[in-house]
Amino acid sequence: MADHLDRGTFGEQGAGFFLGPQGYIIFEGPGGTQKIPGAHQSNHRGFDGGGYNIQKDHLILYDNKNYASDKNIGSATAIDPKVHLAENLDKLIKRVEAMKYLPKQGRILDLLRQTRASVTNGNVKPPANVKIAVMNFGGQSKGITTGLESRGIQFINTNE
């Protein structure tokens, strides 16, 4: 694997391991290679991950950025409602509909559909128990720009 993909794969997979101990089941995420059914490389289009916490009834969709710089992240096209969020939600809903044996599949689909309905005019206001976020697993960024924040995206600092 190329060095730039190694760093990306480390961050994307690490983000899933960050959420797992917090009670999230990861139903969308990278596998590091396209040879694994349903997996994708770190530079592949779409969400880097999606998780659901059954106990908290909380859904998270994320894009991980593991930049070496501590500057704020200004671009996360997979989750940006001005770019690919609606398209990626549509694709994810279809994938989740086709999943077998996914715990709470109906509830996850309900939250995904509510989130999709909340994407309007380049912004997103998901239900209170849904977070669309940029994570910094493996990176040094300290936040996101006000542009991303103003569109309904949040930041999860995995370094704290």
Side-chain angles (χ1 to χ4, degrees), residues 8-9 11-31 37-67 72-139 141 143-158 160:
T9 298
E12 289 183 18
Q13 290 182 347
F17 284 104
F18 175 81
L19 291 171
Q22 297 178 44
Y24 287 86
I25 56 170
I26 305 301
F27 61 89
E28 172 79 351
H40 65 265
Q41 290 182 308
S42 61
N43 62 347
H44 190 266
R45 291 180 69 172
F47 298 116
D48 288 343
Y52 179 69
N53 186 310
I54 295 170
Q55 299 295 332
K56 295 180 180 179
D57 185 35
H58 189 264
L59 180 82
I60 182 167
L61 300 171
Y62 61 88
D63 196 357
N64 190 71
K65 302 294 183 188
N66 61 351
Y67 299 148
N72 285 350
I73 298 163
S75 176
T77 59
I79 60 170
D80 191 333
K82 281 190 170 184
V83 189
H84 296 296
L85 178 61
E87 166 192 345
N88 288 335
L89 280 166
D90 290 340
K91 290 177 182 176
L92 181 58
I93 289 167
K94 288 179 182 176
R95 284 194 301 278
V96 171
E97 286 173 338
M99 289 180 183
K100 295 181 181 179
Y101 314 113
L102 176 63
K104 299 292 185 175
Q105 179 184 28
R107 180 62 177 149
I108 292 169
L109 282 168
D110 182 48
L111 291 172
L112 289 170
R113 289 177 182 133
Q114 287 179 45
T115 302
R116 175 60 178 96
S118 75
V119 179
T120 56
N121 301 322
N123 291 303
V124 63
K125 187 168 172 48
N129 53 342
V130 174
K131 182 182 282 189
I132 300 172
V134 176
M135 297 175 73
N136 66 342
F137 192 91
S141 298
I144 59 176
T145 61
T146 55
L148 286 179
E149 283 180 3
S150 71
R151 295 192 288 277
I153 297 170
Q154 298 179 43
F155 180 71
I156 298 173
N157 188 348
T158 64
E160 291 182 343

What are the two closest non-hydrogen atoms of [X] and [Y], and how far apart are they?
| X | Y | result |
| --- | --- | --- |
| A78 | G46 | CB-O, 3.2 Å |
| G138 | N66 | C-CB, 3.5 Å |
| S141 | F155 | O-CZ, 3.6 Å |
| Y62 | G50 | CE2-N, 3.8 Å |
| V119 | A86 | CG1-CB, 4.2 Å |
| P81 | G122 | CG-O, 3.5 Å |

To the closest 0.5 Å, what do you measure between [atom1] ([X]) and [atom2] ([Y])?
| X | Y | atom1 | atom2 | value |
| --- | --- | --- | --- | --- |
| S150 | K82 | OG | NZ | 7.0 Å |
| L85 | T115 | CG | OG1 | 8.5 Å |
| L112 | L89 | CG | CG | 6.5 Å |
| L59 | E28 | CG | CD | 11.0 Å |
| L102 | F27 | CG | CZ | 7.5 Å |
| I79 | L148 | CD1 | CG | 7.0 Å |

Practice task
Decide yes or no on side chain to side chain contact (heavy atoms under 4.5 Å, CB included) for L19 and M135, but give the supporting numbers first.
Solution key: CA-CA 11 Å; L19 291 171; M135 297 175 73; 4.2 Å; yes
Problem - Selection residues 113-122 - residue pairs positive for salt bridge (charged side-chain N to carboxylate O under 4.0 Å, His left out), sequence neighbours left out - result: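 The answer is D90-R116, E97-R113.
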Handout entry: Derivation and outcome, side chain to side chain contact (heavy atoms under 4.5 Å, CB included), residues V130 and I60
Key = CA-CA 6 Å; V130 174; I60 182 167; over 6 Å; no
Handout entry: Test item: D110 side-chain N/O and G106 main-chain N/O as donor-acceptor pair under 3.5 Å
Key =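 A pair under 3.5 Å: no.
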For [X], which residues count as a side-chain contact (heavy atoms from CB on, under 4.5 Å) partner, sequence neighbours excluded?
| X | value |
| --- | --- |
| K104 | Y52, I54, R107 |
| N123 | R151 |
| S75 | T77 |

Do [X] and [Y] make a side-chain contact, defined as non-hydrogen atoms from C-beta onward lying under 4.5 Å apart?
| X | Y | answer |
| --- | --- | --- |
| D63 | I73 | no |
| F137 | K65 | no |
| I156 | K131 | yes |

Practice task
Only counting residues at least two apart or in another chain, list the ones meeting side chain to side chain donor-acceptor pair (under 3.5 Å) with Q105.
Solution key: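 Testing Q105 for side chain to side chain donor-acceptor pair (under 3.5 Å), a comparison that skips the adjacent residues, returns none.
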Exercise for the section: For N136, enumerate each residue passing the side chain to side chain donor-acceptor pair (under 3.5 Å) test, keeping only those at least two apart in sequence or located in another chain. Expected result: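 Here the qualifying residues are N157, T158.
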Problem - Partners passing ring-ring contact (aromatic ring centres under 6.0 Å, His included) against F18 (at least two apart in sequence or in another chain) - result: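 Counting only residues at least two positions away or on another chain, F18 forms no ring-ring contact (aromatic ring centres under 6.0 Å, His included).
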Handout entry: salt bridge (Lys or Arg N to Asp or Glu O under 4.0 Å) involving E149 - partner list, sequence neighbours excluded
Key =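 Residues passing salt bridge (Lys or Arg N to Asp or Glu O under 4.0 Å) with E149: none at all.
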Exercise for the section: Tell me yes or no: between the side chains of D57 and N129, is some donor less than 3.5 Å from an acceptor? Expected result: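 The answer is yes; a qualifying pair exists.
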Problem - Pair V134-N64, side chain to side chain contact (heavy atoms under 4.5 Å, CB included): steps then yes or no - result: CA-CA 6 Å; V134 176; N64 190 71; over 6 Å; no
